[in-house]
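All heavy atoms count here, side chains included; hydrogens, waters and symmetry mates do not. Proteins come first, then strands; the chains are lettered A, B, ... in the order of their sequence lines, and each starts at number 1.
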Protein chains: 4
Amino acid sequence: MAGPASRKSESRAPGRPRSERARTAILIATNELLDSRGLAALSVDVIATRAGVSKATIYRWWPTKAAVVMDAFLAHTSPRMPFPDTGSTREDLRRQIKSVIRLFNQAGTGRSLVALIAESQHDPVLAQAFRERFIAARREAAREVLVRGRERGELRPDLDVDIAIDALYGPLYYRLLVSGDPLRQRYPDQLLDQLYPALAAVDQPDAR
Amino acid sequence: MAGPASRKSESRAPGRPRSERARTAILIATNELLDSRGLAALSVDVIATRAGVSKATIYRWWPTKAAVVMDAFLAHTSPRMPFPDTGSTREDLRRQIKSVIRLFNQAGTGRSLVALIAESQHDPVLAQAFRERFIAARREAAREVLVRGRERGELRPDLDVDIAIDALYGPLYYRLLVSGDPLRQRYPDQLLDQLYPALAAVDQPDAR
Amino acid sequence: MAGPASRKSESRAPGRPRSERARTAILIATNELLDSRGLAALSVDVIATRAGVSKATIYRWWPTKAAVVMDAFLAHTSPRMPFPDTGSTREDLRRQIKSVIRLFNQAGTGRSLVALIAESQHDPVLAQAFRERFIAARREAAREVLVRGRERGELRPDLDVDIAIDALYGPLYYRLLVSGDPLRQRYPDQLLDQLYPALAAVDQPDAR
Amino acid sequence: MAGPASRKSESRAPGRPRSERARTAILIATNELLDSRGLAALSVDVIATRAGVSKATIYRWWPTKAAVVMDAFLAHTSPRMPFPDTGSTREDLRRQIKSVIRLFNQAGTGRSLVALIAESQHDPVLAQAFRERFIAARREAAREVLVRGRERGELRPDLDVDIAIDALYGPLYYRLLVSGDPLRQRYPDQLLDQLYPALAAVDQPDAR
DNA sequence: TACTAAGCGAGACGGTACGTCAGGTCTTTCG
DNA sequence: CGAAAGACCTGACGTACCGTCTCGCTTAGTA
């Protein structure tokens, strides 16, 4: 984006620039602490100390501890979610579900995620940010697969994409947050065995 | 522990008996506060004040604020969940889903529920209690319907009941906790339109 | 003293009584810290730690760090100010002045006093308390001596007592707070040598 | 700005501020803030903002907020203290005392003064500066009057000038800082009525 | 009728973390 | 090259709840 010639006038704001060092130190410290000690040991003071940073600096840039956790979470989560088009919609979905489960089961990430969702329940600002910055992207990726499948005739033409996404992702979050049942490797297949027929076009050979 | 006939004539322990008045006042106050102010304003101090009760009395009977919330939640939730057998499995499911949505959308209950789940994320004891005292009952009710349907031949013989429950309930909790999308009256039908075919026996007339 | 019938069995206020242990620990810690480290090292946190007390306990009973300092100051200052009637007004005054100087020069007390006066300059509540609880008592003691002297005919009949007190005490505070000049043992005599004639009745032998 | 040879030989100080504009802006802002809002609203940040100046610029030239206040104070105080020789020592003293009281009662100046003295109590550097740059000058002026009076035979030959100054100024600072009693127009006369006889030569007609 | 045991409201206690603020120092960019 | 802008660290502030702990009182069953 920022092409080399684009900064001809590029008059940066005056004053000491924000310290990138501090920013990353905070995010790293947050992730490390979440991994090692869990959410309980995550006070702003502790993050600040561990990051070698002042508490005020944290509050300058994040309104809330949860906001820090979210950025930390996204920082090491966002980039790693490739969704290749395998040709088979069912396989595409299987891979997506599998990657979500992998994410949930990763020590640090799972805890962060759970913490963020828990916090969201009494922090509307965080809730919105979480939805816009994490959930929306996930749904969009799933939507692409589903729409593509529908266009290809693999999925039923009257498929309600949003409901379908609820049906595919909902069970995962339900296990993570509510029932506490484990999400194993084979769960994607079990789930799709039960659900895919409902999504597939009637004449699909693998519909059932 | 509790010998069966050991205290038939109920020789009460000595000392002043537990005040029923205090107990109900606490549960009512908790529900009222959740209704009116939400989870944020729910400190033990505030509950105690509102209930006209000492903080110590609360801690004498509940280990945790969340435990109080759970009892308060169950106190006005438990009794109202009848699941009649309508003859049609799909209709039975529709009614169950509908009643869950009604519960979620009720001001006080929805918030309590959300609060309990949020708290459960960092309180394993609460999590277990919540699952045993609320979730398990729900799943059991749903299981009955599904097993009955399978036995009747309305549902596919290889139906995995647990996965099916995940698929039916998961989306509801997902909307409540994660996506924040509203759960409207017609959602049960929308959901079943998408999912029921996957559950139904292949020769069922209403499978699709 | 307290009400005529003194209220039967003296029913105390409900609730856990204030901890005398905590109260004294706080005052002692405050005085010790003032003595040893001076006003600079006197944060509420430090007092709390040293006293083995919670910060909240301090704030429960004192609105301000300075208020604590005042109580600590009065706690070990108040009781020790006897002003015997020596028969000679000049001698009475000399002793009073001497005792004030001794107070000023005592490590802990002097520093407390200075701190209190400094704080008073931007804390009207403290200022009033300081005047009522410390200054007023001093002035009253001095007033007694002066009025007695005037009645005895040792002091001029048209003596303005308030101005006289200003003239006797003012120089001491002036040295303490403003000029920084030392207040030595002989200062009371030097001061009275200069001032007493102005106060004395014209025919007094020691007027000049 | 200032022409190179414009003032005498003008040996340029090494640390001289480039911007005279900044320096005066700071002093003016400080005085204005003291006048309008009092000492409480006087943070270095606020001064900097109001003066349109960087905080760093203030710290470059003054070690301490109090040092700024002192310069600001002197900047509009120093020049206005004329002490004419009226021929009568008592009248000279009366005028001096009156001018001090006027200074104390002036909104901005009084507050500055009080602030400086309060700050001096825990800042020895400031204390010394204050004494050297303000107090010493005052005492010197008073000393001149007293010495002149003694030489003229108006004052007692064994007058201890330093003690006398304490006795004349002390009460004023005492009222300002300690007792809080008001310093009215007639106070100089009241004070001198009580004190002057002690200073005057025995045969002076106005000694009593 | 006493005595004993426990529950009760009130409210102070030691703690932990919060989010804010002022003081000083530093690192940029601009004039 | 000095000065503005402003980010930074430090450290104290005062507040809010937490869960525990006395108190003195009340309410039973037991002696």
Please report the distance, rounded to the nearest Å, between [atom1] in [X] and [atom2] in [N].
X       : N       : atom1 : atom2 : answer
E20(A)  : dC8(F)  : CD    : C1'   : 15 Å
I58(B)  : dG11(E) : CD1   : C1'   : 14 Å
H122(A) : dA16(F) : NE2   : C1'   : 15 Å
Y59(C)  : dC17(F) : OH    : C1'   : 17 Å
K65(C)  : dA12(F) : NZ    : C1'   : 8 Å
W61(C)  : dG14(F) : CH2   : P     : 18 Å

Any side-chain heavy-atom pair from [X] and [Y] closer than 4.5 angstrom?
X       : Y       : answer
L33(B)  : R50(B)  : yes
R37(C)  : L42(C)  : no
L116(A) : Q121(B) : no

Looking at W61(A), I'd like to know if the NZ or CZ of R18(A) sits under 6.0 Å from its six-membered ring centre while staying within 45 degrees of the ring's axis.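 Yes - R18(A) lies over the ring of W61(A), closer than 6.0 Å to its centre and within 45° of its axis.
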
At under 4.0 Å, does any side-chain N or O of [X] touch on OP1 or OP2 of [N]?
X      : N       : value
S19(B) : dG7(E)  : no
R18(C) : dG11(E) : no
R60(B) : dG7(E)  : no

What does W62(D) touch in the nucleic acid at a heavy-atom separation under 4.0 angstrom: a base, only the sugar-phosphate, or nothing?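 It contacts nothing in the nucleic acid.
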
Do side-chain atoms of R111(C) reach the backbone of D35(C) as a donor and acceptor pair under 3.5 angstrom?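 Such a contact is found between R111(C) side chain and D35(C) backbone.
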
Determine yes or no for a side-chain-to-main-chain donor-acceptor pair under 3.5 angstrom, with S43(D) supplying the side chain and V46(D) the backbone.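 Checked: pair present.
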
Of P63(A) and G15(A), whose nearest nucleotide on DNA chain E comes first from the 5' end?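 Closest to the 5' end, via its nearest nucleotide, is P63(A).
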
With the threshold set at 4.0 Å, does a side-chain nitrogen-carboxylate oxygen contact exist between D45(B) and K65(B)? no

With the side chain of R16(A) defined as its heavy atoms from C-beta on, choose the nearest nucleotide among dT27(F), dT25(E), dC13(F).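 That would be dT25(E).
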
Using the C1' atoms of five pairs at each end, what's the angle between the two axes of the helix from dT1(E)-dA31(F) to dG31(E)-dC1(F), to 10 degrees? 0°

Going by the rule ring-ring contact (aromatic ring centres under 6.0 Å, His included), which residues pair with Y59(D) if we only count those two or more places apart in sequence or in a different chain? none

Using the side-chain contact (heavy atoms from CB on, under 4.5 Å) rule, take V114(B) and L39(B) through it: C-alpha gap first, then chi angles, then the decisive distance, then the call. CA-CA 9 Å; V114(B) 158; L39(B) 179 60; 5.6 Å; no

Give, ordered by number, those residues of residues 21-55 of chain C having at least one heavy-atom distance below 4.0 Å to an atom of DNA chain F; if nothing qualifies, reply none. S43(C), V44(C), D45(C), K55(C)

